[in-house]
Amino acid sequence: MATAGKVIKCKAAVAWEAGKPLSIEEVEVAPPQAMEVRVKILYTALCHTDVYFWEAKGQTPVFPRILGHEAGGIVESVGEGVTELAPGDHVLPVFTGECKECAHCKSEESNMCDLLRINVDRGVMIGDGKSRFSIKGQPIFHFVGTSTFSEYTVIHVGCLAKINPEAPLDKVCVLSCGISTGLGATLNVAKPVKGSTVAIFGLGAVGLAAMEGARLAGASRIIGVDLNPAKFEQAKKFGCTDFVNPKDHDKPVQEVLIEMTNGGVDRSVECTGNVNAMISAFECVHDGWGVAVLVGVPHREDQFKTHPMNFLNEKTLKGTFFGNYKPRTDLPNVVEMYMKKELEVEKFITHSVPFSEINTAFDLMLKGEGLRCIMRMEG
Ligand code: NAD
Ligand code: ZN
């Protein structure tokens, strides 16, 4: 390829300061170094995690930064030592990686790779501790190893899943984070059996994907919990049978759920990022067998407080990154679930804008409108 080994100048959306609109800038993207891949991003979507790190309220501020981690693209060139990917391959970047060599990657139970697990404070490549992005010589930081709000980005090979080239990238890009996370949280971690009652806290894209998992697992009752009543109508399309708005009750929502279900739900999946919702999601499960799974990303200072008696009463609390999927090994199979029409992703995509209108996607998410907004790269 004509661009291989050279610096590429392209458009990227740069977050210069916390909470300020992103600005589309011309950035220089250095060639990939050892074990790195330069990817041409075709579609990227906005996930709430991007918004948290852009607001940087409860997080370490790292600026200027190129955010973005939910995307689909095509390999432009590869660095030294990369043998699994070649220019032209279709890939989904993932915010947490799989080196395939560490104890976690070798364990069937874990996707918490020692080398490439999510690190939200690091703004550089792990190989040499430097950024591959710059504007007139000023380095611009990376975000969770992906930085997909750029026409080209450099990613460690272990954070890229090679997928079926027939899969439409404008659809399956949403599988690179939120949808797989929610789906896996239910199917791989909560594991409800057929006929279960499942509560889902937070009816954003991640929560609705967790709900999709509950539906696929054959749950007979699916209770959606959200503070925004506008989310309820949409959730019906995902199999939601009951709605609870904590604001409509004087007592804690866990007590409402315990009463509604005669002792508690069999499984709950928390997809809000709010620590109080996390506590409610745990306390509302049935004693003896209930399992709660935390998915939402908490604020840095948050503390989870519950009475230890809840554990003695045999309620189980778990958490997950990326729905326990191993990015390189498992994500191609999630894409195949879509290709075989077992999994619908279209219903998660409510908006689509050109990349130049990325701030519209932020506004929609801040207003709680829609689920996923796809941004189309024009180049
Ligand atoms: P979203 O903002 O679209 O949805 C969150 C929903 O939670 C909203 O509808 C909101 O009204 C609701 N909510 C907020 N506080 C609540 C409360 N106290 N009780 C009930 N509902 C409440 O976000 P999303 O993109 O669906 O992401 C959901 C969460 O998952 C975020 O915290 C995100 O950072 C996290 N996430 C985690 C992983 C992971 O691997 N663990 C991956 C992706 C996203
Ligand atoms: Zn590993």
Side-chain angles (χ1 to χ4, degrees), residues 45-53 55 58-59 69-70 94-107 110-118 120 144 156 158-159 174-185 188-189 199-211 223-232 234-235 243-249 252-254 257 268-281 284 293-299 302 318-329 348 350 361 364-373:
L46 182 65
C47 166
H48 217 141
T49 314
D50 298 305
V51 177
Y52 289 143
F53 287 89
E55 289 178 328
Q59 314 293 350
H69 62 285
E70 201 171 282
V94 182
F95 62 84
T96 193
E98 181 184 356
C99 76
K100 295 196 173 176
E101 280 164 23
C102 72
H104 288 272
C105 288
K106 287 190 172 146
S107 156
S110 173
N111 69 344
M112 298 295 292
C113 174
D114 270 334
L115 184 69
L116 299 165
R117 80 168 60 168
I118 183 171
V120 294
V144 293
H156 192 283
C159 297
V174 296
L175 295 174
S176 107
C177 171
I179 312 309
S180 300
T181 295
L183 188 74
N188 301 335
V189 190
I200 307 289
F201 285 71
L203 304 178
V206 178
L208 292 176
M211 194 169 270
I223 307 172
V225 182
D226 203 297
L227 299 171
N228 178 353
K231 297 278 171 180
F232 294 162
Q234 196 168 37
F243 301 123
V244 176
N245 186 339
K247 285 188 193 159
D248 295 343
H249 301 271
V253 66
Q254 50 271 48
L257 289 167
S268 75
V269 186
E270 176 281 329
C271 307
T272 69
N274 178 288
V275 70
N276 296 318
M278 296 179 190
I279 295 166
S280 304
C284 77
V293 178
L294 307 187
V295 179
V297 176
H299 280 211
D302 282 340
K318 294 183 171 192
T320 176
F321 271 118
F322 200 51
N324 275 30
Y325 286 119
K326 288 182 190 279
R328 294 157 93 181
T329 305
F348 291 96
T350 51
L364 288 166
M365 181 149 287
L366 291 170
K367 282 192 251 160
E369 276 175 33
L371 293 172
R372 277 298 186 259
C373 179

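First listed ligand is number 1; within each ligand, the first listed atom is number 1.
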side-chain hydrogen bond (donor to acceptor under 3.5 Å, both in side chains) contacts touching residues 175-184 (sequence neighbours left out): none

Geometric class of the F322/Y325 ring pair [parallel <30°, tilted 30-60°, perpendicular >60°]: perpendicular

Nearest-neighbour protein heavy atom for atom 4 (O) of ligand 1, which is reported as residue plus atom name and distance: G204 CA, 3.3 Å

Structural part of H48 in contact with ligand 1, heavy atom criterion under 4.0 angstrom: both

Under 4.0 Å to a heavy atom of T49 - the qualifying atoms of ligand 1, by number: 33 (C), 34 (O), 36 (N), 44 (C)

Ligand-side contact atoms (ligand 1) for residue partner G273, heavy atom cut-off under 4.0 Å: 32 (O)

Protein contact to atom 27 (O) of ligand 1 [nearest heavy atom, distance to 0.1 Å]: V206 CG2, 3.4 Å

Under 3.5 Å: donor-acceptor pair, side chain of T272, backbone of G202: no

Between E270 and S268, a side-chain donor and acceptor under 3.5 Å: no

Heavy-atom nearest option to atom 8 (C) of ligand 1, drawn from L364, D226, N245, L46: D226

Polar side-chain atom of D114 near backbone of C102 as donor-acceptor pair, under 3.5 Å: no

Residue portion contacting ligand 1 (non-hydrogen atoms closer than 4.0 Å) for S280: neither

Atoms of ligand 1, numbered as shown, that sit under 4.0 Å from any heavy atom of F95: 40 (O)

Side chain, backbone, both or neither: F201 near ligand 1, heavy atoms under 4.0 Å: neither

Protein contact to atom 37 (C) of ligand 1 [nearest heavy atom, distance to 0.1 Å]: V295 O, 3.0 Å

Non-hydrogen atom of T320 closer than 4.0 Å to ligand 1: yes

Ring geometry between F321 and F95 (parallel below 30°, tilted from 30 to 60°, perpendicular above 60°): perpendicular

For C177, the ligand 1 atoms whose distance to one of its heavy atoms is below 4.0 Å: 42 (C), 43 (C)

Mode of F322 contact toward ligand 1 - side chain, backbone, both, neither (heavy atoms, under 4.0 Å): backbone

For atom 7 (O) of ligand 1, the protein heavy atom that lies nearest, with its residue and separation: G202 CA, 3.4 Å

Any G178 heavy atom less than 4.0 Å to ligand 1: no

Any donor-acceptor N/O pair, K231 side chain to G368 backbone, under 3.5 Å: yes

Minimal non-hydrogen separation, A185 against T320, with atom names: CB-CG2, 3.9 Å

Subset of ligand 1 atoms that lie under 4.0 Å from at least one heavy atom of A277: 17 (C), 18 (N), 19 (N)

Residue part near ligand 1, for T272, under 4.0 Å between non-hydrogen atoms: both

Identity and separation of the nearest protein heavy atom to atom 32 (O) of ligand 1: V297 N, 3.1 Å

Ligand 1-proximal atoms of R372, by part, heavy-atom distance under 4.0 Å: side chain

Contact partition for T181 relative to ligand 1, non-hydrogen atoms under 4.0 Å: side chain

K326 side-chain N/O to S110 backbone N/O, donor-acceptor pair under 3.5 Å: yes

Y52/V120 under side-chain contact (heavy atoms from CB on, under 4.5 Å): CA gap, chis, key distance, verdict: CA-CA 11 Å; Y52 289 143; V120 294; over 6 Å; no

Atom indices of ligand 1, in the order listed, that fall short of 4.0 Å to a heavy atom of Y52: 31 (C), 32 (O), 34 (O)

Sphere of radius 2.8 Å around the Zn ion (ligand 2) - protein N, O or S atoms inside: C99 SG, C102 SG, C105 SG, C113 SG

Side chain to side chain, D50 and M365, heavy atoms closer than 4.5 Å: no

Sub-4.0 Å atoms of ligand 1 with respect to non-hydrogen atoms of K231: 9 (O)

For the student: nearest non-hydrogen atoms of L203 and G224, plus distance: CD2-CA, 3.9 Å

Side chain to side chain, E101 and L115, heavy atoms closer than 4.5 Å: no

Short side-chain to backbone donor-acceptor contact, S280 and N276, under 3.5 Å: yes

Atom pair OG1 (T350) and CG (L364), whose distance is rounded to the nearest 0.5 Å: 7.5 Å

Donor-acceptor contact below 3.5 Å, side chain R372 vs main chain F348: no

Option of least heavy-atom distance to atom 16 (C) of ligand 1 (set: L227, V51, N276): L227

Non-hydrogen atom of G368 closer than 4.0 Å to ligand 1: no

Candidate with minimal heavy-atom separation from atom 29 (C) of ligand 1, of C271, A205, A281, G323: C271

Exam field: side chain E98 to backbone R328, donor-acceptor pair closer than 3.5 Å: yes

Value rounded to 0.5 Å, distance of CD1 in I200 from CD1 in I223: 10.0 Å

Subset of ligand 1 atoms that lie under 4.0 Å from at least one heavy atom of G296: 29 (C), 30 (O), 32 (O), 35 (C)

CG-CG distance between L227 and D248, expressed to the nearest 0.5 angstrom: 10.0 Å

